[in-house]
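These notes are about the structure you will find just below.
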Amino acid sequence: MTESIAPKSTPRDVFLHLLAIVTLYGSAISFITLAFQLINTWYPDVLNYSYGSVQTIRWSASMLIVMFPVYVWIMWLINRDFAKDPIRHEIRVRKWLGYLTLFLSAITIIIDIVTLVYNLSGGELTVRFILKILIVLLVAGLIFFYYLKDLRKKDEGAAV
């Protein structure tokens, strides 16, 4: 049984994978921020009203409108490269950034659940709180499982 050697990363590989990760993180943070501000608008806390929510909504929406399509386009380019040369799945920069993303999303999920337990044990059970917890859990969970599946693709495409 011969084991294939991972190909060397080119500067293009590093650029594409770093840009993909940065735009993914930016999109996720912007989406969560946007969702939080919309939840704050729909379910206002009369004791803690923020006048900056409109600006935050505009910034988050603007970042999401720009960053997420860039992420989708970069991932399309990366996947096109994988289709041409399946061994590219083994590029080290891809694996490192993929596992970093798994780590960060797992930590986010853990902290989100800890926050839920902490606040529930203190009697916090508002619609605002539950929606915010669910948004973070959904985004982090989707990212985690997408990258977990993506990192497992090596067996499909790279094994010859």
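Since the model is a prediction, treat every value here as computed from it, not as a measurement. These values consider heavy atoms only, across backbone and side chains, with no hydrogens, waters or symmetry-generated copies.
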Output yes when a side-chain donor or acceptor of [X] lies under 3.5 Å from a complementary backbone atom of [Y], and no otherwise.
{"X": "D112", "Y": "T108", "answer": "no"}
{"X": "D150", "Y": "Y146", "answer": "no"}
{"X": "S121", "Y": "Y118", "answer": "yes"}

- Item | Close side-chain approach of T41 and I57, heavy atoms under 4.5 Å | yes

Could you tell me the separation between the [atom1] atom of [X] and the [atom2] atom of [Y], rounded to the nearest 0.5 Å?
{"X": "L34", "Y": "S27", "atom1": "CG", "atom2": "OG", "value": "12.0 Å"}
{"X": "I78", "Y": "H89", "atom1": "CD1", "atom2": "NE2", "value": "10.5 Å"}
{"X": "L131", "Y": "N40", "atom1": "CG", "atom2": "CG", "value": "10.5 Å"}
{"X": "I39", "Y": "I32", "atom1": "CD1", "atom2": "CD1", "value": "10.5 Å"}
{"X": "S105", "Y": "L137", "atom1": "OG", "atom2": "CG", "value": "11.0 Å"}
{"X": "K132", "Y": "T126", "atom1": "NZ", "atom2": "OG1", "value": "8.0 Å"}

Considering all heavy atoms, the nearest [X]-[Y] contact:
{"X": "H17", "Y": "V93", "result": "CD2-CG1, 4.0 Å"}
{"X": "L16", "Y": "L77", "result": "CD2-CD1, 4.2 Å"}
{"X": "S30", "Y": "L64", "result": "CB-N, 4.0 Å"}
{"X": "G98", "Y": "Y147", "result": "CA-CD2, 4.0 Å"}
{"X": "L151", "Y": "K95", "result": "CD2-CA, 4.0 Å"}
{"X": "M67", "Y": "T23", "result": "O-CB, 3.7 Å"}

- Query: With sequence neighbours excluded, what pairs up with Y71 under the ring-ring contact (aromatic ring centres under 6.0 Å, His included) test?
  - Reply: none

Establish whether [X] and [Y] are linked, either directly or via other cluster members, by ILVMFWY side-chain heavy-atom contacts under 4.5 Å.
{"X": "I91", "Y": "W96", "value": "no"}
{"X": "L18", "Y": "M63", "value": "no"}
{"X": "I111", "Y": "L104", "value": "yes"}
{"X": "V66", "Y": "I29", "value": "no"}
{"X": "V22", "Y": "Y99", "value": "no"}

- Query: Can you list every salt bridge (charged side-chain N to carboxylate O under 4.0 Å, His left out) pair that touches residues 64-87, not counting sequence neighbours?
  - Reply: R12-D81

- Residue pairs, two or more places apart or on separate chains, that pass salt bridge (charged side-chain N to carboxylate O under 4.0 Å, His left out) and touch residues 60-70: none

- Task: Take atom CZ of F144 as the centre, draw a 6.0 Å sphere, and report whether it contains more than 12 heavy atoms from other residues, nucleotides or ligands.
- Result: yes

- Task: For atom CZ of F36, decide whether the heavy atoms of other residues, nucleotides or ligands shown that lie under 6.0 angstrom number more than 12.
- Result: yes

- Under 3.5 Å, is there a donor-acceptor pair linking the side chains of T101 and Y25? yes

- Across all chains, not counting sequence neighbours, the salt bridge (charged side-chain N to carboxylate O under 4.0 Å, His left out) partners of D13 are R88

- Linking directly or through intermediates, with side-chain heavy atoms under 4.5 Å: list the remaining ILVMFWY members grouped with F129, chain and number order. L116, L120, L125, I130, I133, L134

- Which hydrophobic side chains are connected to L138, either touching it within the sub-4.5 Å cutoff or through other members that do? L142

- Could you walk me through whether F82 and R94 pass the side-chain contact (heavy atoms from CB on, under 4.5 Å) test, one step at a time? CA-CA 11 Å; F82 290 163; R94 174 187 166 274; 3.2 Å; yes

